[in-house]
Amino acid sequence: MTDAASYPFREHHDLQLEPEFREIHSACALTRVRLPHGGVAWLAATYEHVRQVLVDPAFSRSLANRPTAPRLSSEVLPPTSIMAMDAPDHTRLRRALAPAFTSSAVERVRPHVRELVTELLKQMLGGPTPADFVAAVAAPLPVLTICGLLGVPLPEVPVFEVFAQALRNRRITQAERESARASFERYVLSLVERRRREPGDDVISSLLGPLGSEADLSQRELVDCVIALLVGGIGSPTTFLASALVVLLRQPELLPPMAADHATAADVVEELLRLVPIGVGGGFVRVACRDTLVGETTVLEGEAVLPAMFAANRDAARFDDPDRILLGRPGGPGRHLGMGQGAHHCIGASLGRLQAQELFSAVALLAPDIGLVRKEEDLRYRPGLVVRELDELHVTW
Amino acid sequence: MTSAGRGWVLVTIDPERCLGSGMCQALSPARFTWDEEGMHATATPVLLTDDLVQAAECCPGEAISVLSASDDHTRRREHEPLQP
C-alpha cells in the first residue's frame with residue numbers, strides 16, 4: 001500500500017480533534033494508515049466502526065500483540081498481560097477481577113476518595129497561587145486511590161509512583177523499561193506473599209482464591225494483573241483529570257450547577273470522558289482472526305485495525321454538537337467509548353468515574369473561580385506517540 | 001459456575017445498573033444486542049450456556065439477571081437483592 005497516510009496525523013498533539021477525522025467521519029469508511037511500528041493498518045474512526053472493532057470477538061488482541069504487528073508504541077506486552085489476551089483466558093481473568101471493580105464494590109471507597117480529594121485540594125488552595133494542578137492533585141489522587149484499593153502500605157506508595165513514571169516514559173529504551181518492570185515485579189511478589197500470609201480487605205487478597213480453584217490465578221497472572229491495574233489506574237486517570245480540567249474550563253458556567261448538584265457533576269464527568277482524548281492515535285490495535293465486514297470494508301484475516309475512540313466520541317453522526325459539553329445527552333454512561341467497550345472495557349471504569357466525580361464536584365465547590373494561567377492553545381503536551389499528556393497545568397483561583 | 005444446571009432461562013438487563021460496557025455483547029454475541037437506547041437481552045427464553053454465565057458474572061454494573069424460565073429458581077450475583 002503506497003496510499004496510506006502516515007499516522008498519527010500530527011507530530012504535535014493537543015486536545016483538538018485533528019481535521020482529518022472530520023473527513024473520515026464524512027466518508028464513513030475505514031482508512032489505510034501507516035503506523036510508527038509494523039507498517040500499515042486500518043484506522044477506524046466513526047462511532048459505529050470503532051464500537052464494532054472493540055466489541056466483535058473477530059478482532060483479537062493477542063494476534064495484535066506481536067513485534068511484527070502494526071502498532072503505535074514500540075512496546076510488546078507480555079503474553080500473560082490481560083490486554084494481550086482473548087477469550088477464554090481473558091474471560092477467566094476478568095471473572096476473577098470483576099467482583100472487586102463493579103460499580104457497587106467501588107462505591108465503598110467513595111468516602112475515602114472524597115477525603116483524599118478534599119485534603120489534596122485544600123492543600124493546593126492553601127498554598128501559593130498559581131499552583132500546578134498536575135503535581136498537586138491529578139498525579140497524587142489516582143496513586144493514592146489505587147494503592148488504597150490494592151492495600152499498599154503508605155510508606156511503599158513511592159515505589160508505585162517511580163515505576164508508573166518509568167512505564168509511561170516513552171523515551172526510555174525497551175531494556176530500561178524491562179528492567180524497571182522486573183524490579184517492580186519483585187516488589188509486587190513480596191506484596192502478594194504478605195497478603196497470602198495475612199489477607200486483608202483489598203483487591204490482591206480477593207484475587208487469592210482457594211488454591212487450585214478456577215479463581216486461583218497463577219503467580220505470573222497475578223503480577224501482570226497488578227501491573228495492569230497500576231498502569232491503567234494511575235497513568236490514564238492522571239492524564240484524564242488534568243486534560244478534563246482544561247476541557248471543563250472552556251465552559252466555566254457549568255461550575256455553579258456542578259457545585260449545587262452531584263448528579264449534574266456526574267453528567268458533566270460523562271461528557272468529559274467523551275471529550276478528553278487520552279491516546280494520541282487511539283486504543284490498542286486489534287487483528288482480525290477472520291474476514292470481517294466493518295461498514296463497507298472487508299477487513300481480511302490477519303489485517304490490523306486501530307480503533308480511535310477519541311475520534312468516535314466526536315462523531316457528529318452520533319453526537320449533536322459533538323465538541324461541546326451538553327447536559328442530559330441520552331444513552332446513559334455507555335453512550336461514549338471513553339472507557340473502551342467490549343471484553344476489554346476498562347476494568348477501572350467505575351473507579352475512574354468516581355474519582356472524577358468527586359474531584360470536579362469539589363473543585364466547583366471549593367475553587368469556583370479556578371482558571372488556567374496559560375490559554376489552552378498555549379499548553380504544552382509531552383511529545384510521544386501514545387498518550388496526550390500535560391506535564392504541568394498551572395491554575396489560579 | 002459452569003456446572004450450573006442446564007435449562008431454559010430468561011435474561012434481563014436492569015437499565016438503571018447497565019453501564020453500557022458492551023462486555024456482555026462481546027462475551028455472548030448471540031444473546032445481547034445494542035442500539036442507541038442501550039443494551040438489550042434476547043427477549044425469549046434461551047438455553048443456559050457458559051458464555052451467558054460469563055457475561056452475567058463479568059458485567060461491571062451487575063445489571064444482568066439470569067432466571068430459570070421453568071420454575072422460581074433464581075440465579076444471580078450473591079450480593080444482588082432478590083426481587084419477587
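Labels below follow one simple rule: chain letters A, B, ... track the order of the sequence lines, proteins then strands, and each chain is numbered from 1.
For B/Gln54 and A/Thr91, the side-chain atoms include no donor-acceptor pair closer than 3.5 Å.
Looking at every heavy atom in both residues, B/Ala26 comes nearest to A/Ala343 through CB-N, 3.4 Å. Heavy atoms only, all atoms of each residue included: B/Leu19 and A/Ser103 are closest at CD1-OG, 4.3 Å.
Contacts between B/Cys24 and chain A at a heavy-atom distance below 4.5 Å are absent for every atom of the residue. Neither the backbone nor the side chain of A/Arg335 comes within less than 4.5 Å of any heavy atom in chain B. Neither the backbone nor the side chain of A/Phe59 comes within contact range of chain B, judged by heavy atoms closer than 4.5 Å.
Counting heavy-atom pairs under 4.5 Å between each of B/Gly61, B/Ala55, B/Ser21 and chain A puts B/Ser21 at the top. Between chain B and the residues A/Arg94, A/Gln341, A/Arg51, A/His336, the largest count of heavy-atom pairs under 4.5 Å involves A/Arg51.
Looking at heavy atoms from C-beta onward, A/Thr102 lies out of side-chain contact with B/Arg17 at the 4.5 angstrom threshold.
Near-neighbour residues of residues 27-41 of chain B relative to chain A, defined by a heavy atom under 4.5 Å from a heavy atom of that chain, comprise B/Leu27, B/Pro29, B/Trp34, B/Glu36, B/Met39.
Each of A/His345, A/His90, A/Arg95 was evaluated against B/Cys58; a single residue qualifies, A/Arg95, per the side-chain contact (heavy atoms from CB on, under 4.5 Å) test.
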